[in-house]
Amino acid sequence: MSGMRGVLFDGKSSARLEVAVFVEGERLRVRGDGVDASYDLAGVTVSPKLGTIRRVLALPDGARCEIEDDAPLDALLKAQERGRFTFLLHRWETSLRRVLVALLLIIAAVWGVVKYVVPAVARKAAFAMPAATEVVLGRQTLDLLDRSLLTPSRLPAQRRAELAERFRRITRELPDNEGYRLEFRASERIGANAFALPSGIVIVTDGLVELAKNDEGIVGVLAHEIGHVRCRHALRQVLQNSATGLIVATVTGDILSASSLAATLPTVLIDAKFSRDFETEADDAAVAYLKGHGIPVSAYAEMLARLQAEHSRREGEEGNGRRIDDFFATHPVTRDRIGRIMSGR
């Protein structure tokens, strides 16, 4: 290999020295004014190509040599039986077509991880979470909601007792029926709504009860929310949206800070960006309960339609801005859900 021109930095001072670099058999020789050093070729590290940046030889004694013309370095790497990967990488970096192909491959890989891997791991983590952690999450989330969005229910005590009994009829048949409880709240900002917290707490607003035409529709909503609880949808959603929480839960099998998770749950629950799959699972749970107890599924479908109509009315009155009560705006199209429920699929 012919000599290469370079600039040597000895690692002991800021002085720079112009040198010539040669490969002599299994040795690398560096010669310049007052410098004549020889190094074992195997101990020399060659920096990879990066655009037009000068490549560097890291020498065994701590010195560094910047090479002005790096063409002969490929021969040096070949002599070391190294550098094939960096050479191929540089070819990809300098080809627009290859860069675009690599970009598409990266996008496809990321999409695959987000679409399939993250939900699968989040599901495993949610079901592996200790019951005690779920209880803490449920309690802290309810406390946060009570301080920010919810107010005490104004429904008559007898009406609350009637619906609580209907709720108990649903949960007493579940194999894991410990910890379920129904909470009534009022909220002008949320309006007619219902949602489930970890550990089995289901919240129903006064607006939903007042909107219902009959108790069968409310029962369908309660069974739907219990379906969310049993499938751990809220936990899975927050884990999918939190890379840190997902990694900690998967690797350690625990959540180090229940408070931090609880702080994110209100947004997940109220904003309700559940996937179509989550809503389908919860709808299936509701339909199964209704059919199993001789309650027409049309009552649940009608309740969904009334909730959608109420949402549309509120949206029309308050403008088109994104608000916290846009519960159905981020759900799968309610019409499609109603059609699926009524068709028995």
Side-chain angles (χ1 to χ4, degrees), residues 119-120 122-129 131 133-135 137-142 144-145 149-150 163 166-185 190 192-205 208 217-242 261-262 264-290 292 297 300-301 303-304 307-308 311 324-332 334 336-338 340-341:
R123 185 182 190 280
K124 184 175 181 180
F127 278 94
M129 184 174 293
T133 303
E134 280 198 82
V135 171
L137 286 172
R139 184 177 65 248
Q140 292 186 352
T141 304
L142 181 59
L144 286 170
L145 290 170
L149 297 172
L150 305 178
L163 293 175
R166 300 297 295 262
F167 183 78
R168 281 190 292 271
R169 293 179 194 173
I170 303 173
T171 58
R172 70 164 58 110
E173 299 177 7
L174 301 176
D176 51 345
N177 57 12
E178 296 294 328
Y180 285 93
R181 78 175 195 261
L182 182 62
E183 294 283 344
F184 296 94
R185 294 292 189 273
I190 295 177
N193 214 326
F195 44 92
L197 309 185
S199 77
I201 301 173
V202 174
I203 299 174
V204 172
T205 67
L208 184 142
I218 298 176
V219 168
V221 171
L222 294 177
H224 175 95
E225 297 305 327
I226 290 171
H228 279 314
V229 174
R230 299 200 68 210
C231 295
R232 304 294 198 279
H233 287 157
L235 289 175
R236 288 160 64 182
Q237 190 76 10
V238 76
L239 288 172
Q240 287 174 203
N241 292 341
S242 172
L261 257 182
T264 64
L265 275 168
T267 300
V268 172
L269 296 168
I270 305 302
D271 230 9
K273 295 182 180 177
F274 282 142
S275 70
R276 181 179 294 273
D277 289 342
F278 284 5
E279 291 302 327
T280 297
E281 281 187 289
D283 281 341
D284 287 347
V287 170
Y289 178 82
L290 295 173
V297 296
Y300 175 47
M303 188 68 206
L304 289 180
L307 285 166
Q308 178 62 67
H311 160 78
I324 199 164
D325 67 323
D326 281 355
F327 182 84
F328 283 89
T330 50
H331 276 49
T334 307
D336 294 344
R337 292 175 60 197
I338 292 172
R340 183 177 179 277
I341 290 167

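Residue indices begin at 1 and follow the sequence shown. Only heavy atoms go into these numbers, but all of them, side chains included; no hydrogens, no water, no symmetry mates.
- Here the side chain of R139 pairs no donor or acceptor atom with the backbone of S199 at under 3.5 angstrom.
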Query - Derivation and outcome, side chain to side chain donor-acceptor pair (under 3.5 Å), residues E279 and H224 - result: CA-CA 9 Å; E279 291 302 327; H224 175 95; 3.1 Å; yes
Query - Pair I338-Q308, side-chain contact (heavy atoms from CB on, under 4.5 Å): steps then yes or no - result: CA-CA 11 Å; I338 292 172; Q308 178 62 67; over 6 Å; no
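- Qualifying salt bridge (Lys or Arg N to Asp or Glu O under 4.0 Å) partners for R166, counting only residues two or more places apart in sequence or in other chains: none.
- Interatomic distance, CD1 of I203 versus CG of L150, reported as 5.5 Å (0.5 Å rounding).
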Report task. Evaluate side-chain contact (heavy atoms from CB on, under 4.5 Å) for L182 paired with V202, printing each intermediate quantity in order. Result -> CA-CA 5 Å; L182 182 62; V202 174; 4.0 Å; yes
Query - Full working for side-chain contact (heavy atoms from CB on, under 4.5 Å) between I226 and Y289 - result: CA-CA 11 Å; I226 290 171; Y289 178 82; over 6 Å; no
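- Under the 4.5 Å side-chain criterion, counting only non-hydrogen atoms from C-beta, L149 is not in contact with R185.
- Among the candidates F278, F195, F127, the single residue satisfying the ring-ring contact (aromatic ring centres under 6.0 Å, His included) test with H233 is F278.
- Closest approach of L239 to A126, counting heavy atoms only: CD1-N, 3.9 Å.
- For the pair C231 and R236, the tightest heavy-atom approach, listed with the atom from each and the gap, is O-NH1, 2.9 Å.
- Residues A286 and Y300 approach most closely at CB-CE2, 3.9 Å, considering heavy atoms.
- For R232, the side-chain hydrogen bond (donor to acceptor under 3.5 Å, both in side chains) test picks out E134, with sequence neighbours left out.
- A distance of 6.5 Å separates CG of L145 from CD1 of I190, quoted to the nearest 0.5 Å.
- Among all heavy-atom pairs drawn from A223 and I170, the shortest one is N-CD1, 4.1 Å.
- Looking at every heavy atom in both residues, L222 comes nearest to L163 through CD1-O, 4.5 Å.
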Requested in this report: List the steps and the verdict of salt bridge (charged side-chain N to carboxylate O under 4.0 Å, His left out) for R340 and D283.
Outcome: CA-CA 9 Å; R340 183 177 179 277; D283 281 341; 5.4 Å; no
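- Put simply, the side chain of T171 never gets that close to the backbone of N177: no donor and acceptor are under 3.5 Å apart.
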Query raised in the report: Given L174 and Y180, is the side-chain contact (heavy atoms from CB on, under 4.5 Å) satisfied, shown in steps?
Result: CA-CA 10 Å; L174 301 176; Y180 285 93; 3.7 Å; yes
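- Between L142 atom CG and R181 atom CZ the span is 6.0 Å, to the nearest 0.5 Å.
- The minimum heavy-atom distance between V229 and A196, with the atom names listed, is CG2-CB, 3.3 Å.
- Two residues are said to be in side-chain contact when any heavy atoms from C-beta on lie closer than 4.5 Å; I201 and T141 fail this criterion.
- The salt bridge (Lys or Arg N to Asp or Glu O under 4.0 Å) test applied to R168 returns E165, not counting sequence neighbours.
- Annotation: side chain of L137 is not in contact with side chain of L197 (no heavy-atom distance under 4.5 Å).
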